[in-house]
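What follows is a short report on a single structure.
For ligands, and for the atoms within them, numbers begin at 1 and follow the listed sequence. Atoms considered below: every heavy atom in the structure, side chains included; atoms not considered: hydrogens, waters and symmetry mates.
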Amino acid sequence: MDIKILGAHNIESINTRHVCFLIDDVLAVEAGALTSSLTFPAQQKLKAILLSHQHYDHIRDIPAIGMNFLLHENSIDVYVTRPVYDALSAYLLHDNIYVNFMERPPGKPAIKLKILEPGKPESIHGYSVLPVPVNHSAPTVGFQITSADHKTVFYTSDTGPGLADVWRQVSPDLLLTELTTSNKYDEFARTAGHLTPELLQQELDSFREIKGYLPQVVLVHMNPFEEKAIEAEIALVARTLNTKIQLGYEGMRIHL
Ligand SMILES: [Zn+2]
Ligand SMILES: [Zn+2]
């Protein structure tokens, strides 16, 4: 399994992108950086997009990719839970905003929305995908994705602490976890449903207690203004837990 991170941050600039990654160049997770980071041929290679929740930073490129697929007379499957389906059809994939790509062009729409049930594994273009509810300010699922050769990544999406129930349902080789800000924003993180290095340390402790091992850990959804502080604080967490934790970045490739 080849993972390529297109976006590793929670705000956008010329050198930071919203969260988004590819698996083997065919499965996209989140739409935070799909059009700005990929050539047209790379976009046309995509078979499906998974969306974890309806927040703008995760769904933003859906209309843009819809237009690109429409002009290529192609269509793409977008997998979402019911609340995300409702939000997309009410707002973003709506003729008031731009084009309703769920109905255009008629008969062969550019975007085919497919509903995922939390807790129910789905086979998507050769991958087994398990959506697992996490703790965020909007209804959100993380995704465990397993390839045909049994390599497994779990992406937490945006989440706050309290993930013991999640750990019981997944067994990843790689944990791609959100880590939004530094320890001084503990209260914000708990209220908004995000993680800091100290909060992640508690979650990794609980992972190891429940599963008996720690996976490779890569961080995404970082606030660029806090990245220096995150780097220093996470180095301490890695030393304490005696494990390797890497900060994700745009263009990072991980081979499992
Ligand atoms: Zn969010
Ligand atoms: Zn987010």
Side-chain angles (χ1 to χ4, degrees), residues 3-13 15-23 27-37 49-65 78-93 113 116 118 129 131-145 153-163 165-166 175-183 185-197 199-200 203 217-227 229-230 234 247-250 252:
I3 295 167
K4 184 177 183 189
I5 296 183
L6 304 181
H9 292 90
N10 72 342
I11 52 172
E12 188 185 70
S13 65
N15 43 21
T16 64
R17 293 277 186 272
H18 285 137
V19 169
C20 190
F21 61 97
L22 300 186
I23 297 193
L27 188 61
V29 182
E30 311 288 36
L34 278 180
T35 49
S36 54
S37 302
I49 304 168
L50 312 178
L51 299 177
S52 68
H53 67 301
Q54 69 212 50
H55 282 160
Y56 174 78
D57 52 324
H58 298 251
I59 63 173
R60 51 170 293 166
D61 280 358
I62 290 296
I65 204 114
V78 179
Y79 287 83
V80 296
T81 56
R82 175 58 66 179
V84 181
Y85 180 97
D86 291 344
L88 288 179
S89 48
Y91 305 109
L92 203 61
L93 292 175
L113 283 193
L116 290 169
V129 174
V132 183
V134 294
N135 305 319
H136 191 43
S137 53
T140 303
V141 289
F143 293 113
Q144 173 165 271
I145 302 163
V153 53
F154 181 69
Y155 161 63
T156 64
S157 184
D158 291 5
T159 187
L163 300 173
D165 273 351
V166 174
L175 177 65
L176 204 53
T177 179
E178 86 120 272
L179 193 299
T180 298
T181 191
S182 64
N183 289 334
Y185 294 103
D186 179 85
E187 197 181 317
F188 156 77
R190 289 173 190 275
T191 310
H194 289 298
L195 294 174
T196 65
L199 293 172
L200 178 66
E203 297 309 317
V217 180
V218 174
L219 312 179
V220 291
H221 205 266
M222 288 165 290
N223 175 346
F225 305 123
E226 290 301 308
E227 202 159 343
I230 290 170
I234 215 70
L247 274 66
Y249 55 89
E250 285 73 13
M252 184 182 197

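When you scan the N, O or S atoms of His58 for the one nearest the Zn ion (ligand 2), you land on NE2. Considering just the N/O/S atoms of Asp57, the one nearest the Zn ion (ligand 2) carries the name OD2. Looking at Asp158, its N, O or S atom nearest to the Zn ion (ligand 2) turns out to be OD2.
Minimum heavy-atom separation, Pro224 to Thr16: CG-CG2, 4.0 Å.
In summary, no N, O or S atom of His18 is located under 2.8 Å from the Zn ion (ligand 2). In summary, an N, O or S atom of His136 is located under 2.8 Å from the Zn ion (ligand 1).
A 4.5 Å side-chain heavy-atom check between Phe188 and His194 finds at least one atom pair inside the cut-off. Side-chain atoms of Phe143 and Ser157, non-hydrogen and from C-beta on, never get closer than 4.5 Å to each other.
Between His58 and His221, a ring centre-to-centre spacing shorter than 6.0 Å is recorded. Here the two rings, on His9 and His18, have centers that are 6.0 Å apart or farther.
Rounding to 10°, one obtains 90° for the angle at the Zn ion (ligand 1) between ND1 (His55) and NE2 (His53).
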